[in-house]
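Notes follow the structure.
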Amino acid sequence: MKHQEHRAAALRAAGLAVLLAAALAGGGPSGVKARPAGIRVMGATSLAPFLAAMATRYHAQHPEAALVHVAAGGSLAGLHHLQRGAADAAASDIPPLAVLGGARARKLSGRVLGRLPVVLVVHRGVGVTQVSRARATRLLTGHVRSWQELGGAAENVVVVTRALGSGALWVVEHQLLQGAPVSDRAVVQWSNGAVVKAVAATPGAIGFVDAGFVRPGVRVLGLGSAAYQARDPAAWPLYATAGLYWRRPARPALAAWLAFLAAQPDRARFGIVEEGTARHGASRSTRTSSPSHPGGDGGRAGALDGGAHRLAGGGYP
Amino acid sequence: MLWMAGLTGWLVADTLRLVARAGAAPVLLGFHFDPAHGRFGLLPFVWGSVVVGVLALVVSVPLGLSWAVVAAKRLPRRASSAMTTAMAALVAIPSVVWGWWGLETVVPAVRGALGGPGFGLVAAGVTVAIMVVPTVAALAAASLRAVPAALEDASRALGADEDTTLMAVTLAAARPGITRAVLMGEARVLAETMAVAMVVGGQPVARLQIAWPGATLTTGILTHLAALPPKSPGGQAVAAMALLLLAATTWLGRHLRRLGALS
């Protein structure tokens, strides 16, 4: 009797061991192809909603394909993770050359996803609706202390900015402030949403966010002669060029995901303005004249549709 | 232990590399931390941590101690028990909730009282001070309850009134435990990240105007860890922040152990 119990226990243990070995080996019913290793995409918070939606769609349409895992964390973090091999692709609205330097950036390929307009937002009570570029620069660098100096309300100016690694901050510092830093008295916030919330709650506040994150409670400030219109975002002069980057050569699973991404047309729904819809060719060439972004030299409209290419030239400011 | 030694060795090595590259004075005494422009001053984070720590101490100790005395020595047994339960519940509230509360309550209050944006070291100090009051109160109340009743009875028998007994006998006897409670609260303040990060303003500049945005060692690590890669000067600066934080918490831990032995 005791011998039979031992035998049954041994059989159960053997069965469990076989099941465990099969699970560890990733084994399944014969004839079913194993799913390729997942694709890790990391980077710009502003691009995360688009990439996450595309990942879901990709899984739905291609259940056998590699799973795409999207993580936000900022453009800088995405590029650094890509460079260290901790991510397969990086979503960034900062040119890789500005982050990684020439030698490392040249090992990457990239595709433009489109433009992300960056707008200035102010508290509703500041009494100013339009500023020139020069005045915007003086506001953000802390040289204008009161809105009264610009004909507005008797409120002190409170600048709200983003933390290091934000694409919106990079755009403002390089396209608007010409390399000058934002005021060192500014309130630093982690996300577009936090900037909007802080500006809405703080009298006299001014900040900047990706246009897709503008919410009621703040006012978008006109810049120069331009006024931001959601119906025509391509006319807005201040924007980041959003791209997806990867190390060469792209493994087949990543290449398949990139090809799928290129075929998806509805980027505008996520606040991404496709390069092909931009109407201001001259301004585009001046504002993205850095050769560090794919397509940033103004010669390539909708690079996502036009395929990948290598990064070249440029340098860290 | 080996893991701790390895971590410390790694942090020390990275810090020394940064000092060798940028110089000891600019790193230790620099007023600005701006890696994009080659400035790696750690003073803003040290200053921010000290200011927030002192503010938290000034606000939380009187409040926590008062609460502990009321709960342990003045209220009837049933009410005291209810108050202890409330303390435990408040200790368990996640710091992100306290940060949210600070954002909605303390920041506007500081803005109204002191001007400026409201976000800053004062807002951070007040938020974490209120956050650690239950911790200080719960530990101090336990120490007060542990004082032998015979000591207090002897004091009363000698003609001392309740207040004199409290000040001269009960609090004196419970002093090691109360100090431990304060140090535990301070350790929590020093290590707090999320609640501070939500209200401190995140500006890595050392300035005397503490109502304006600043940064602490924990928020500095949180903000820059992802953005600055390891082995870069920025990454080494993050390691230096972690080393400073480790040194401060180790120092507090040693004092706590010593007090633990005393009590």
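First the proteins, then the strands, lettered A, B, ... as listed; each starts at 1.
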Check: Given the side-chain rings of B:Phe33 and B:His224, with only the six-membered ring counted for Trp, is the space between their centroids under 6.0 Å?
Finding: yes
Next item on the list: Check whether B:Leu222 gets within reach of chain A through its side chain, its backbone, both or neither, counting any heavy atom under 4.5 Å.
Entry: side chain
Next item on the list: Measure A:Asp184 against the heavy atoms of chain B and call it side chain, backbone, both or neither at under 4.5 Å.
Entry: both
Margin query: For chain B, which candidate among A:Ala205, A:Gly165, A:Ala201 shows the most heavy-atom pairs at distances under 4.5 Å?
Written below: A:Ala201
Checklist line | Any donor-acceptor pair under 3.5 Å from A:Ser92 side chain to A:Gly243 backbone | finding: no
Check: Which one of A:Gln189, A:Gln83, A:Arg185, A:His81 has the most heavy-atom pairs closer than 4.5 Å to chain B?
Finding: A:Arg185
Notebook entry, point to check: How would you list, by chain and number, every residue that makes a ring pair (Phe, Tyr, Trp, His ring centres under 6.0 Å) with A:Phe270, sequence neighbours excluded?
Noted result: A:Phe50
Check: Is it the backbone or the side chain of A:Val158 that comes under 4.5 Å from a heavy atom of chain B, or both, or neither?
Finding: side chain
Notebook entry, point to check: What do you reckon, is CZ of A:Arg84 surrounded by more than 12 foreign heavy atoms closer than 6.0 Å?
Noted result: yes
Note to self: If we count only N and O atoms by modelled type, under 3.5 Å, do the side chains of A:Ser46 and A:Asp93 hold a donor and an acceptor together?
What the structure shows: yes
